[in-house]
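Input: a single structure, listed below in structure tokens.
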Amino acid sequence: MKDITLRDLQDLPPTLDLMTAARILGIGRTKAYELAKKAEFPVRAIRIGDLYRISTPDLLRLLDGDIQ
């Protein structure tokens, strides 16, 4: 698994899929879905059908990396 760099974070789209956000946070697949289903994921997870989307700005704020 490739490490995520600051440049990678700067190039993220406005929203991320749950697994990309989980990878950035170091959370495994099973735990990420478990947390999202309980509304306990560290960043608000928006459910769209069977998919979860994560706001990139919210994730960056959590990481204290609000990159403009």
Side-chain angles (χ1 to χ4, degrees):
M1 183 182 297
K2 178 182 162 254
D3 288 336
I4 297 172
T5 66
L6 179 59
R7 181 67 184 165
D8 293 333
L9 290 175
Q10 291 172 325
D11 291 337
L12 291 173
T15 64
L16 303 171
D17 62 88
L18 183 65
M19 290 316 305
T20 300
R23 181 172 158 239
I24 290 169
L25 295 172
I27 299 172
R29 177 184 176 83
T30 302
K31 190 63 169 181
Y33 277 97
E34 176 186 316
L35 292 171
K37 285 177 186 177
K38 293 184 197 176
E40 295 177 0
F41 195 76
V43 178
R44 186 170 63 105
I46 302 164
R47 187 167 183 177
I48 304 169
D50 292 337
L51 303 175
Y52 287 97
R53 299 301 295 179
I54 306 298
S55 165
T56 300
D58 289 349
L59 180 64
L60 294 176
R61 275 191 289 282
L62 175 70
L63 297 171
D64 195 27
D66 193 11
I67 301 165
Q68 300 295 323

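FYI, the numbering just counts along the sequence from 1.
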Identify the two heavy atoms, one from A21 and one from I54, that lie closest to each other, and give their separation to 0.1 Å.
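The pair with the smallest heavy-atom distance is CB-CG1, 3.7 Å.
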Which heavy atom of A32 sits nearest a heavy atom of I27, and at what distance?
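It is N-CG2, 3.6 Å.
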Does K31 have any side-chain hydrogen bond (donor to acceptor under 3.5 Å, both in side chains) partners at least two apart in sequence or in another chain, and if so, which?
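By the side-chain hydrogen bond (donor to acceptor under 3.5 Å, both in side chains) rule, K31 matches E34.
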Could you work out the complete set of other residues in the hydrophobic cluster of L51, with links drawn between I, L, V, M, F, W and Y side chains under 4.5 Å apart?
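Members alongside L51: none; it stands by itself.
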Mind checking whether M19 and L63 sit in one hydrophobic cluster, side chains of I, L, V, M, F, W, Y counted as touching below 4.5 Å?
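Yes, it is one cluster - the side chains of M19 and L63 are joined through contacts under 4.5 Å.
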Residue that, paired with L16, satisfies side-chain contact (heavy atoms from CB on, under 4.5 Å) out of T56, V43, D58
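Exactly one option meets the side-chain contact (heavy atoms from CB on, under 4.5 Å) with L16, and it is T56.
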Quick test of your reading: applying side-chain hydrogen bond (donor to acceptor under 3.5 Å, both in side chains), list the pairs with at least one residue in residues 42-54, sequence neighbours left out, ordered by first then second residue.
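Every side-chain hydrogen bond (donor to acceptor under 3.5 Å, both in side chains) pair that includes a residue of residues 42-54, provided the two are not neighbours, is T15-R53.
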Measuring from L62:CG to S55:OG, what's the distance to the nearest 0.5 Å?
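Nearest 0.5 Å value for the CG-OG distance: 11.0 Å.
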